[in-house]
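Quick notes on the structure that follows.
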Amino acid sequence: MVILEKIILLLQYQTSKIMRVNIHQFNYKTKDYEHNTSQIEEALKESNEDVLNIFSELALCGSPLFDSALYSDIYKETSLCGERLLQGKKSFIVGTIAKGEENTRYNALVFVNKGEVMGLSTKRNLGRFDENFSIGNGIETIKYEGKNLAFGFVEDFENFVKRKVQTDVVILCSNQLFDKDDKDENIKTLSFYARQMKTKIIYVNRVGGEGCFIFSGSSFVMNERGEICEKLSMFEQGNIFVDLDNIKAKAFASLCYEEKIFRAGVLGLRDYFHKNNINKAVIGLSGGVDSAVAVVLGAEALGKENITGVLMPSKYSSEHSVNDAKKSAENLGIKYITITIEDIFEASLKTMQPIFEGTEPNTAEENLQARARCMIIMAICNKIGAAMLNTSNKSESAVGYGTLYGDDSGAISVLGDLYKTDVYKLARWINKDKEIIPQNSIDKAPSAELRFDQKDSDSLPEYDILDKVLVEYIDNKTDFSQLIKKGYEEKLVMRILRLIKINEWKRHQEAPALRYSKTCFTTDYKQPIS
């Protein structure tokens, strides 16, 4: 009887092989074909022949491509890279681009079995980075290791569900962006369909920063009950080897809201600088909470040895602000220098006397100071081969509370998609174990210190009130009448919405911001300039 049972088990194994996959969550570089292909080649070399390796969308060429997708050379390069990968005689799914007839261009996934191309899925439901691609055929099905397998893009999955195709495994590749307000909607949706279809789902996403965009990772394997069985971390490269016939549900710890933002910011900054071949950053330190948080992120991303803080006091700078700025730098162990702007400011006033004489001081004089500070930072950047790290936040940008060609300048804004109240939350989280950001920078009333006894609240509503209206209007698309119905004071709403509208032209000239939300000003929130 025992011998008979062993024979039956052996026959079952021979007719239905165990499916093994290796999910790779990599940080690709846009149009760096050698880097991307070498990374994939190394992964395939370490893989056994019976393992299906899965890489994310557009792995060979990186993303976003924008108008690069219109040039023929990118298709030639990726085709050569694909041929290189075939030489290894391994099995894999990889994202690339493909040209069809009549100059059609596709965002594609190629299925390769032991060095032979067996299937091609072209994206049908095109996303925000696919404007130069043609509409494809969607998710494809294939027989692999005795199983019914479907593979394609996550955007095409709901259409595939309607086809009611019986599958054992669905493989979905993606380039999903980080969103600080995401409530795991993607996981909830796929979990529902896994239960409905009684199929396993493999979701593979890339990780890393590309320009202002941050790709979150979080690739996973889900069983037929919609439960997560394996998962890769957010914001980190890695891989998971999975035996799909032996997966069990597991619990995975999730990051808190503030830690997600912190790690996203660090990854976005690091990749922005390194992928643009910039190794150093210079940042103005004012003693306020914005610059204190921004310099922490910069030091974490680039290393404290690659950050230079610049204190640029004027006659309007308070003693506590100078001390807070010094303490911020000393707590991090970064180099900092102090350069007063008083001489530059006075010389500028003297130069402008024929124009300014007989007029009341206003923002013209104030903005001279912000622009003098920008000039100093940029001079240091040019001298040491660095880039300026901007310290403005989303609340200021929304209502135009910043100086063009002054504090609105910079190579990248790490806080530009975070409201002021989020900056405070992040500051408190950074200080959860010890004081890194001076407590006084968090506690004191925010001020630009461009005139004596100036406070932000002289020009703006208090940030806890302002940010609630901004979130409603910008993030939730709540219009004027709806805001009034929700109980917001009419004059306050009119004032804030007016500031948002009249500063649209200004936002188009600000430093690009790392994207943490679907309403980032420099990547998503688009309104008529005039």
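A salt bridge is absent between Lys420 and Asp467; no separation between the charged side-chain nitrogens and carboxylate oxygens falls under 4.0 Å. A salt bridge does not link Lys147 to Glu145: none of the charged nitrogens lies less than 4.0 Å from a carboxylate oxygen. The existence of a salt bridge linking Asp271 and Lys29 is excluded, since no basic side-chain nitrogen approaches an acidic carboxylate oxygen closer than 4.0 Å. At a threshold of 4.0 Å, the pair Glu236-Arg263 counts as salt-bridged, since one of the basic side-chain nitrogens sits closer than that to a carboxylate oxygen. A salt bridge links Lys275 with Glu210: the distance from a Lys NZ or Arg NE/NH1/NH2 to an Asp or Glu carboxylate oxygen falls below 4.0 Å. With respect to the salt-bridge test (charged N to carboxylate O, under 4.0 angstrom), the residues Arg507 and Glu510 do not qualify. The pair Lys90-Glu49 does not meet the salt-bridge criterion, since no charged nitrogen lies less than 4.0 angstrom from a carboxylate oxygen.
Under the 3.5 Å distance criterion, with hydrogens and angles disregarded, no donor-acceptor pair is assigned to the side chains of Ser47 and Asn22. Under 3.5 Å, the side chains of Asp290 and Asn393 contain a donor-acceptor pair of N or O atoms. Judged by distance alone, the side chains of Thr519 and Lys394 do bring a donor and an acceptor atom under 3.5 Å apart. At a cut-off of 3.5 Å, with distance as the only test, no side-chain donor of Asn476 or Thr478 sits close to an acceptor on the other residue.
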Inset, instruction - Let me see the working for Ser56 and Phe215 under side chain to side chain contact (heavy atoms under 4.5 Å, CB included), right down to the final yes or no. - result: CA-CA 11 Å; Ser56 64; Phe215 297 92; over 6 Å; no
Inset, instruction - Check the pair Lys200 / Met19 against side chain to side chain contact (heavy atoms under 4.5 Å, CB included), numbers first and verdict last. - result: CA-CA 12 Å; Lys200 298 180 177 73; Met19 184 172 168; over 6 Å; no
Inset, instruction - Dump the intermediate steps for side chain to side chain contact (heavy atoms under 4.5 Å, CB included) on Ser517 and Leu418, then the final yes or no. - result: CA-CA 9 Å; Ser517 75; Leu418 297 177; over 6 Å; no
Legend entry - Pair Glu224-Arg195, salt bridge (charged side-chain N to carboxylate O under 4.0 Å, His left out): steps then yes or no: CA-CA 6 Å; Glu224 299 92 333; Arg195 295 192 302 272; over 6 Å; no
Inset, instruction - Evaluate side-chain hydrogen bond (donor to acceptor under 3.5 Å, both in side chains) for Asn148 paired with Gln166, printing each intermediate quantity in order. - result: CA-CA 7 Å; Asn148 295 317; Gln166 184 62 43; over 6 Å; no
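In terms of heavy atoms, Glu155 sits closest to Asn125 at O-ND2, 3.1 Å. When every heavy atom of Ala411 is checked against every heavy atom of Ala387, the shortest pair comes out as CB-CB, 3.7 Å. Taking every heavy atom of both residues into account, Ile23 and Ser219 meet most closely at CG2-CB, 4.1 Å. The two residues Asp50 and Tyr144 have their closest heavy-atom pair at O-OH, 4.3 Å. Considering all non-hydrogen atoms of both residues, Val289 and Ala427 come closest at CG2-CB, 3.8 Å. Nearest heavy-atom pair across Cys229 and Ala249 is SG-N, 3.8 Å.
At least one donor-acceptor pair closer than 3.5 Å links the side chain of Ser413 to the backbone N or O of Gly416. Asn390 places a side-chain N or O within 3.5 Å of a backbone atom of Ser392 that can act as its donor or acceptor partner. Between the side chain of Glu259 and the main chain of Cys256, no donor-acceptor pair closer than 3.5 Å is present. No donor-acceptor distance shorter than 3.5 angstrom exists from the side chain of Asp417 to the backbone of Ala513, with no hydrogens or angles considered. Checking side-chain atoms of Ser38 against main-chain N and O of His35 turns up no donor-acceptor pair under 3.5 Å. Glu504 places no side-chain N or O within donor-acceptor distance of the main-chain N or O of Lys501, the cut-off being under 3.5 Å. With hydrogens and angles ignored, the 3.5 Å screen pairs no side-chain donor or acceptor of Lys89 with any backbone N or O of Leu86. Arg515 contributes no side-chain N or O that, together with a main-chain N or O of Thr523, makes up a donor-acceptor pair within less than 3.5 Å. For the pair Lys99 (side chain) and Ser72 (backbone), a donor-acceptor distance under 3.5 Å is absent. Here the side chain of Ser191 pairs no donor or acceptor atom with the backbone of Ile187 at under 3.5 angstrom.
Residues Glu472 and Tyr488 meet the side-chain proximity criterion, which asks for heavy atoms closer than 4.5 Å. Between Val296 and Leu426, every side-chain heavy-atom pair lies at or beyond the 4.5 Å cut-off. Residues Met494 and Phe480 have side chains in contact (heavy-atom distance under 4.5 Å, counting atoms from C-beta outward). Annotation: side chain of Lys114 is in contact with side chain of Ser91 (closest heavy-atom distance under 4.5 Å). Residues Leu172 and Leu190 are in side-chain contact: their nearest non-hydrogen atoms beyond the backbone lie under 4.5 Å apart. Considering only heavy atoms from C-beta on, Ile54 comes within 4.5 Å of Cys173 through its side chain. Looking only at side-chain heavy atoms (C-beta outward), Tyr419 and Leu466 stay at 4.5 Å or farther from each other. Side-chain contact between Pro64 and Arg128: absent, with no pair of heavy atoms (C-beta onward) separated by less than 4.5 Å.
Between Phe178 and Tyr516, the two ring planes are perpendicular [angle over 60°; tilted spans 30° to 60°]. Under the 30°/60° scheme for interplanar angles, the aromatic rings of Tyr525 and Phe521 are found to stand perpendicular. Using cut-offs of 30° and 60° for the angle between ring planes, the Tyr193 and Phe157 rings count as perpendicular. Classified by interplanar angle (parallel below 30°, tilted 30° to 60°, perpendicular above 60°), the ring pair Tyr203/Phe220 is parallel. Ring geometry for Phe151 against Phe111 counts as tilted: the plane angle lies between 30° and 60°, on a 0 to 90° scale.
Partner of Lys123 under the side chain to side chain donor-acceptor pair (under 3.5 Å) criterion, out of Asp156, Asp130, Asn137: Asp130 alone.
Aromatic ring centroids of Phe129 and Phe213 lie under 6.0 Å apart.
A distance of 14.5 Å separates OG in Ser216 from NZ in Lys180, rounded to the nearest 0.5 Å. Rounded to the nearest 0.5 Å, atoms CG (Asn159) and CZ (Arg124) are 6.5 Å apart. Expressed to the nearest 0.5 Å, how far OH of Tyr75 lies from CD1 of Ile97 amounts to 4.5 Å. Between the CZ atom of Arg206 and the OG atom of Ser174 there is a distance of 10.5 Å, given to the nearest 0.5 Å. Here CD of Glu83 is found 10.0 Å from OG1 of Thr78. Values are rounded to the nearest 0.5 Å. For the atom pair Phe235 CZ and Leu255 CG, the distance stands at 7.0 Å (nearest 0.5 Å).
More than 12 heavy atoms of other residues, nucleotides or ligands sit less than 6.0 Å from atom NZ of Lys526. Residue-environment remark: NZ (Lys188) exceeds the threshold of 12 foreign heavy atoms within 6.0 Å. The number of heavy-atom neighbours closer than 6.0 Å to NZ of Lys477, taken from other residues, nucleotides and ligands shown, is above 12. Within 6.0 Å of CD in Gln482 there are more than 12 heavy atoms belonging to other residues, nucleotides or ligands.
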